[in-house]
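First the structure, in the form of structure tokens, and then the observations on it.
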Amino acid sequence: MMHNYEPPIFELSAPGKFGANLPQLDVPASALPDHLLRGDDLASLPELTEPEVVRHYTRISQRNFSIDTVFFPLGSCTMKANARLHEEAARLAGFAAAHPLQGDELSQGALQLMYELQEYLGEISGFDAVSLQPAAGAQGELTGILVFRAYHLDRGDHERTEVLVPDSAHGTNPATAAMAGYKVVEVKSDARGNVDLADLQRKLTPRTAAFMLTNPNTLGLFEEHVVEVARLVHEAGGLVYGDGANFNALLGIARPGELGFDFMHYNLHKTFTTPHGGGGPGSGAVGCTATLAPYLPGPRVRRMEGAGGFEFFTPEKSIGRMKTFHGNFGMLVRAWTYIRSIGAAGLRKVSETAVLNANYIQARLKHVYPVAVDRTCMHETVLQGKLAAAPEVRTLDIAKRLIDYGFHPPTVYFPLIVPEALMIEPTETESKRTLDAFCDALLAIAEEAARDIETLHQAPTTTPVRRLDEVRAARQPILKYDAEVFAKLRAEGVQG
Ligand SMILES: *Cc1c(COP(=O)(O)O)cnc(C)c1O
């Protein structure tokens, strides 16, 4: 990728350039009232032609790494390809232009889709009831913990003040528990990457409200004692929350509702192909047992008695809304389309292929990049950027160098319990050829590291912006154009 230097759009500006072709005024001109007039000049608005503006935005869009341009094996994020069919369904006028206040009788198609998606997600995961409200996995977690609290309090059980979270958990788990007002208690992992049962038993008390478990966990490993874990938590009077972010490993193979979980969230933007990244809308629909169903957020959708058709309802003891209107409806359309277009057998194939792909990568790389726990993995593998032939190299160097080879880096330094972690999730939508090219690149980088570590320290060298000072970028982000700042940065050799 070569980028010729282009000045920021503000520097292309010249007085009088104009990009729009406006028609003649066909009504009498009238003066605006004084109080609506702007007091000072819009000095900073650039004046440009249309092609200049188009080129500016197109160029910026091409600087992005995306699933539509490169392999994106970002562990835990399930960056599978988003089929164009799903986009087309979401853009059907009856869905895209539906107004959330237009009333049930004019929204029967949308309601049917929501009802069926509730049913499908419940069936795939083994739960009795589903709410499509939450906007993301993290919000699904908060929903679950608030539902747990409502359930405990409803039974007059006021003493439960702690939520147990494994040390391998995603940061949203402890954040959720803390946000819901609970004390977070960490539970250790054992040498095989499972929950350490002895540590769990020590920490389960009459104060335990819940245990939050990800299965497969963030090491990409199936929790071997999941049934035992759920039994122990239930015996202590607690509930088991399932973080469903890694559900892509289990579709059609295992149902969390049958493994002992009481509640889980689905990341529709991970497992069910609704696009994600860049902070766009997601969906963290949730499922639970019949016991917890009365507390779910509404509105949910049910069949009307008698006449047929569908209607919204709010469960009797609902914790209330988590989101305005009906969740991120466009995401629901995409997930429904995905499930319907590949069917039950297709879903199972998705998980089988995702698991096979991850194990293929693990097998090709583990003799050079140590594997965190040497077991058959599920849909992702956690390796380490610790090279015997180049001990001073860091995972960050390897990740940055991968960009020069045309790949998005894997997730790095997560899970926190693995030093120099490289968490690779290929998903099922990649060909063997792509997986091989990626493994070849990582092996070539290991050789480069042994030969000439400077190449890695310099990486990336092919991008418009080189290695960032990440601390400075986070603490002092420059989010708008300032001629002086830009001139100074350019003098320092910063491009882009
Ligand atoms: C992505 C993820 C979450 C949070 O989901 P969001 O939709 O990003 O809020 C929680 N846990 C794990 C393991 C994840 O990978």
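Please read all numbers here as calculations on a predicted model, not as lab measurements. Hydrogens, waters and symmetry mates play no part in the numbers below; they use all other heavy atoms, side chains included.
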When you compare the side chains of [X] and [Y], does any donor N or O come within less than 3.5 Å of an acceptor on the partner?
| X | Y | result |
| --- | --- | --- |
| T434 | S431 | yes |
| Y151 | D157 | no |
| H152 | D154 | no |
| S125 | Y266 | yes |

Given 3.5 Å as the limit, does a donor-acceptor pair link the side chain of [X] with the main chain of [Y], or not?
| X | Y | value |
| --- | --- | --- |
| R348 | A344 | no |
| T58 | R55 | no |
| N357 | T427 | yes |
| D243 | L213 | no |
| S351 | N248 | yes |
| T208 | T205 | yes |
| T273 | Y338 | no |
| T78 | K270 | no |
| D190 | G193 | yes |
| E116 | L113 | no |

Residue pair R340, Y120: steps toward the side chain to side chain donor-acceptor pair (under 3.5 Å) verdict: CA-CA 9 Å; R340 288 297 294 260; Y120 299 157; 2.9 Å; yes
Note, [X] side chain near [Y] side chain (heavy atom, < 4.5 Å):
| X | Y | answer |
| --- | --- | --- |
| L402 | L442 | yes |
| T274 | N82 | no |
| H326 | P299 | yes |
| F261 | V226 | yes |
| V333 | T337 | yes |
| T218 | M423 | yes |
| I319 | T143 | yes |
| H225 | V195 | no |

Does a sphere of radius 6.0 Å around [atom1] in [X] hold more than 12 heavy atoms from other residues, nucleotides or ligands, not counting ones at 6.0 Å or beyond?
| X | atom1 | result |
| --- | --- | --- |
| R364 | CZ | yes |
| K188 | NZ | no |
| Q108 | CD | yes |
| K203 | NZ | yes |
| E305 | CD | no |
| M179 | CE | no |

Before accepting this row, confirm whether a basic side-chain N of the pair [X]/[Y] lies closer than 4.0 Å to the acidic partner's carboxylate O.
| X | Y | answer |
| --- | --- | --- |
| R84 | D68 | yes |
| D436 | R433 | no |
| K349 | E352 | no |
| R303 | E119 | no |
| E159 | R207 | no |
| E88 | R91 | no |

Of the non-hydrogen atoms in [X] and [Y], which two are nearest, and what is the gap between them?
| X | Y | value |
| --- | --- | --- |
| L250 | P216 | CG-CD, 4.0 Å |
| F329 | A110 | CZ-CB, 3.6 Å |
| L435 | P426 | CD2-CB, 3.8 Å |
| A180 | R149 | O-NH1, 2.9 Å |
| A254 | P256 | O-CD, 3.7 Å |
| A138 | T172 | CB-CG2, 3.9 Å |

Rounded to the nearest 0.5 Å, what's the gap from [atom1] on [X] to [atom2] on [Y]? Could you check?
| X | Y | atom1 | atom2 | result |
| --- | --- | --- | --- | --- |
| F272 | W336 | CZ | CH2 | 14.5 Å |
| E311 | E105 | CD | CD | 12.0 Å |
| F211 | F148 | CZ | CZ | 12.0 Å |
| H276 | H269 | NE2 | NE2 | 6.0 Å |
| R155 | T291 | CZ | OG1 | 10.0 Å |
| M264 | N215 | CE | CG | 10.0 Å |

T176 vs E141, test: side chain to side chain donor-acceptor pair (under 3.5 Å). Steps then yes/no. CA-CA 6 Å; T176 292; E141 291 174 31; 2.8 Å; yes
Mind telling me whether F71 and F407 have parallel, tilted or perpendicular rings, with 30° and 60° as the class edges?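 The arrangement is perpendicular - the two ring planes meet at more than 60°.
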Angle class for the H408/F72 ring planes (parallel below 30°, perpendicular above 60°, tilted otherwise)?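 Rings of H408 and F72: parallel, under 30°.
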Would T214 and E223 satisfy side chain to side chain contact (heavy atoms under 4.5 Å, CB included), going step by step from the backbone distance to the final call? CA-CA 8 Å; T214 312; E223 180 60 54; over 6 Å; no
Testing N194, D167, D196 one by one against S189 for a side chain to side chain donor-acceptor pair (under 3.5 Å), which residue passes?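 One option only clears the test, and that one is D167.
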Checking F65 against I403 for the side chain to side chain contact (heavy atoms under 4.5 Å, CB included) test, could you report, in this order, the C-alpha distance in whole Å, the side-chain angles of both residues, the deciding distance, and whether it holds? CA-CA 9 Å; F65 259 55; I403 299 172; 3.6 Å; yes
Between E316 and R300, is the salt bridge (Lys or Arg N to Asp or Glu O under 4.0 Å) condition met? List the steps. CA-CA 11 Å; E316 48 185 310; R300 299 179 56 220; over 6 Å; no
Worked check of side chain to side chain contact (heavy atoms under 4.5 Å, CB included) between E380 and I424: CA-CA 6 Å; E380 62 194 352; I424 303 169; over 6 Å; no
Determine, stepwise, if the pair N246 / H379 fulfils side chain to side chain donor-acceptor pair (under 3.5 Å). CA-CA 8 Å; N246 291 343; H379 65 306; 3.3 Å; yes
Could you go step by step and tell me if T161 and Y182 meet the side chain to side chain donor-acceptor pair (under 3.5 Å) rule? CA-CA 5 Å; T161 52; Y182 286 99; over 6 Å; no
